[in-house]
Structure formats: C-alpha cells, structure tokens
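Here the structure comes first, spelled out in structure tokens, and everything after it is commentary.
We name chains A, B, ... by the order of the sequence lines, and we start the count at 1 in each one. These numbers come from a predicted model, not from an experiment.
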There are 2 protein chains.
Amino acid sequence: MSTSSARPAGDPTPEPEREPAGATPTKESSLTLERGLNLLQAVADADSEAPTISDLANIVGVSRAAVYRLLGPLQSRGLVRREGSKVRLGLGVLWLAGKVVPQLRFAALPALRALAERVGATVHLTVADGNEAQAIAVVEPSWTSYHVAYRVGTRHSVQRGAAGRAVDLSEEGPKWITSVGELQPGAYGVAAPVRGVAGLRASVGVIAMEPLSPDEVGPLVVRTCSAVADALG
Amino acid sequence: MSTSSARPAGDPTPEPEREPAGATPTKESSLTLERGLNLLQAVADADSEAPTISDLANIVGVSRAAVYRLLGPLQSRGLVRREGSKVRLGLGVLWLAGKVVPQLRFAALPALRALAERVGATVHLTVADGNEAQAIAVVEPSWTSYHVAYRVGTRHSVQRGAAGRAVDLSEEGPKWITSVGELQPGAYGVAAPVRGVAGLRASVGVIAMEPLSPDEVGPLVVRTCSAVADALG
DNA sequence: GCGCGGTGTTCGTTTTACGGACACTTTTGT
DNA sequence: ACAAAAGTGTCCGTAAAACGAACACCGCGC
C-alpha cells in the first residue's frame, strides 16, 4: 500500500491533533464493500464445491438477506454466476484480468526501457501463469544496429530460458541467472526475479546476440527488478 | 455498462429440475457495492491513463471522500493499487482469474463427458486469450481401445486447428469446422464455437485418429456447445 | 403425515455511508 | 518569484442505505 517514496500530503506530521486515543489509525473502509468482496473471495476459494447462498452467509458472517443484496451487483457484472442454487465465479473476472496486463505492462515500461538503452539489448518482462511463462512486455534499444527481436506474448515452460527459470529463483542463492541458446540458438540471456509484489511471479530478462558480461549486466537487471517491483507495489 | 447488462431476464434453465420456484426477477442491489464495483470497473477501463482519485469521483459520480472509503477494501485485496496519486488495477485480479478457470472447467465437464462417451473420441474445451487458444478441459472416452491423448493447457494460435479457428467463427456461415492434421499429423478434428456467454471466446472440439463423420458429429458438437454455454451462463 | 434444510422477500430499526467543509501540499501559469 | 489552481487526506452531522429477524414457500427424507 503506497510504499512509494513520495507521499503527497502530509500525514507524518500529526501536529494539529486533539485525538485522545487514536483507536485506529484512520481506518478507511466501507463495511458493505468489504463484505461484498469477502463474498467474492469466498466464492473464489471454493474450488470444486460450489457454495450455496446459506453457505456463503455462514462463511462471510452475514445474514442470507445480505448475501442476496450483495450478490446482485456481483452478478450483474459477471463476477459471479448462479448455477441453480450454487454460486460460482463468473467470466467478468477474466475480462478484468485481460485489463490488468496492459496496465501492468505500462507501469513497468519505463524501468525496462532504461535498462534496454543502457545495455543496448532487448529487455522483457515475463510473468508466470501456472507452469508456463509469458512475455508481457518487450523493449528494444533504440540506438543499436542489431538486436534481438522478441515477441510479446511468447510462452514457454518456466523451466526453460533464463527468464523462465528466474521467476522461481529462491530467495537465497544467485541473484540472477544466465542462459545460452536455451530458447533460441545463438541467444544469450540474463534474467532476475521480480520480488516483493504479492501474488506475482515475474522476471526481467535481457536477450542479446553476443555474450553478455554477467558481472556487469547482472546487477543492472537486479536493479531493474527492484524498480519494477516498486512500480507495481 | 458494457455488454454485461445483456442478461436475458428469462431464466434460461434448460437444466431439468433444481429450480425451486418461479425465480422472480427482483432487482436486488446494494448501492455501496454497486459503486465499489463501478469504481473497480472505472479503474479497469482506463487503459493507459491512470485516473486520479478526483477523476474516479467524477466518473463514478460520488464524492471524493466516498472514493477513499471504497478504495480501502479494494486495495487491501490487491484489486487496485495506488501509484502515487494514480490508481491502477492490482494483481489480486490475476489471482482471481486463476481461480475462475478450474470452476469453469468443472462446470463444463458434464457436457463434455457426455459428448466424449457418445462419439468415442477425445473432447476438449478451448478458450481464446488474445490471439492464442488454450485447452482448459479435456475429456477422454472411457470405453474405447484407442483414443487421442490431448493435454490440458495446450496452447496454439487461434488460426490453427479446428478448435482455434472455431472460437471466432462468425454467426453466419458454417456451424462447425473440421480439420485434418493441422496440429498433429493423422488427427482429425471437429469443433464449434461456444456462443452466448458474454466475454468468452471458446470452442468445443472433438479429436479422433480416424476421419469423423461430420454430418453426424457436427450437430452433436454444436449441441454440446449450447449445453456448455448454458452451464456457464 | 411432519420436520428439516433449502430459497426468496418483506419490514422496522439503527448502523453505515454520504458529501460538504476544512487544512494542507504540489503543480501550473503569467 | 509569488499567486492561483488543482490536488490529497480527513473531519463532521445528517439522512439514507444496509442490516437481520421473521415470514411464506418448496423439495426431500426419516
């Protein structure tokens, strides 16, 4: 939550206060929406056993009448669907997911571009989806005569390529990974995982036609990963 | 807004039974949740221009204070994230999307199984994601000596294979599509698109090792598509 | 038959969310 | 440079919205 460096308005200066016992540090929340999203989450959590209305009322901790009210808006947007008396996730979720990728890409682009121009090679952001990895953003340097063209949307196993293996790189151990000709003969890769963004398995990678100097490029990639993580977190 | 409101009022339940009593199309709704989801949608709709709090207040038609309150729950679940003073979609959406596929698969399985047993060949449900198609459910017949093994998760271009081309089959024209050896030499395919489920581009296909009788199998596939559409809609 | 576990809707009450106002900081503009 | 504009974040009293118990109802099994 807004770990961004620049905090716009002043809240670190509790100067004009007369708040005796600050019970909650400004708990901004809306109970109804909270419950509505709890409901959505409860539906999502039930993988194979579709919950009934009553089940949901129990899980979320509200009356059944409330579940009906909350289900309305959820349903009209296709986030949930009713199948007889069972409730399941709806396809509106997929629509939303389709919208998140461009925004994710957009947010990460500046950091990727900086790296691409710096090292003069193609840079990409890859996210894991199950045990497949997919490139969601690619940036090519603007000043080179030759560089590798890498297509957005490329998918491969998370076990292949520097970018693939990097997404699940353990906390300890090497900070980055290199590969030679794993996905494409003659292609040299360096990649590092993006850490610190909850729910995201991703990596930033560099692809070049000539061997990269790992000691030089590696740290740059790692730094870009941090930048990307900041941009997304 | 969008097409989501295209919910046929009449409950399309060709499913035999289970429907308790006459479902009265009562407009159950919760204003707060409605607004909260509108907010989420507003954030999703802004592809490249990240909206500010004030923007969102204008778009959704509520006071800024309300936006703050609504943003709380949304943010804590990672559905949106704040980037300085801009608001973007969060990664919780991807998490949700990951949960919808198994439920989708589960819902469609009975219809697929029925078809597989009927024609004695492997049946699969394929959904399009961008210009790639991915098999999310595969059912193999239980009584055949030989059948094609097809892996869940297989991806290919939407232009290839009967299942791929079927997802974007226009309303007019053929009801189903056949293919021979397009993805795999010696494999014969018949596929038809799943229609009527808003926001979903999908197809049901049959794969066999021997030529299928289109006139016989085609209508069956189409019928299965309807069944699947009903199960999901 | 009767209870049991479901759904769907109503109604009066009070909790919840509303939005104008304020204090403040950052950016814009002449 | 300074002023004006636009932005954020938070307070408050008020009114409207959401709450949950209760009701009417249906299908199933003991």
Let me know, please, whether A:I53 or A:L31 comes out on the 5' side of the other along DNA chain C by nearest nucleotide.
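By nearest-heavy-atom nucleotide position, the 5'-most residue is A:I53.
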In whole angstroms, how far is the [atom2] atom of [N] from the [atom1] atom of [X]?
X	N	atom1	atom2	answer
B:E34	D:dA18	CD	P	10 Å
A:R35	C:dT15	CZ	C1'	10 Å
B:Q75	D:dT8	CD	P	13 Å
A:K86	C:dG5	NZ	P	16 Å
A:L74	D:dA18	CG	P	14 Å

Spatial distance of atom [atom1] ([X]) from atom [atom2] ([Y]) [nearest 0.5 Å]:
X	Y	atom1	atom2	result
B:L125	B:L112	CG	CG	5.5 Å
B:N58	B:S63	CG	OG	11.0 Å
A:R35	A:L31	CZ	CG	4.0 Å
A:T122	A:H147	OG1	NE2	5.0 Å

Under a 4.0 Å heavy-atom cut-off, which of residues 54-69 of chain B touch DNA chain D?
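Of all residues in residues 54-69 of chain B, the ones placing a heavy atom under 4.0 Å from DNA chain D are B:S54, B:R64, B:Y68.
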Under 4.0 Å from OP1 or OP2 of C:dT16: is there any side-chain N or O of B:T32 that close?
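Answer is no, no contact under 4.0 Å.
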Backbone N/O of A:T52 and side chain of A:D55: donor-acceptor pair under 3.5 Å
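Checked: pair present.
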Counting only heavy atoms not in B:R77, do more than 12 fall under 6.0 Å of its CZ?
yes
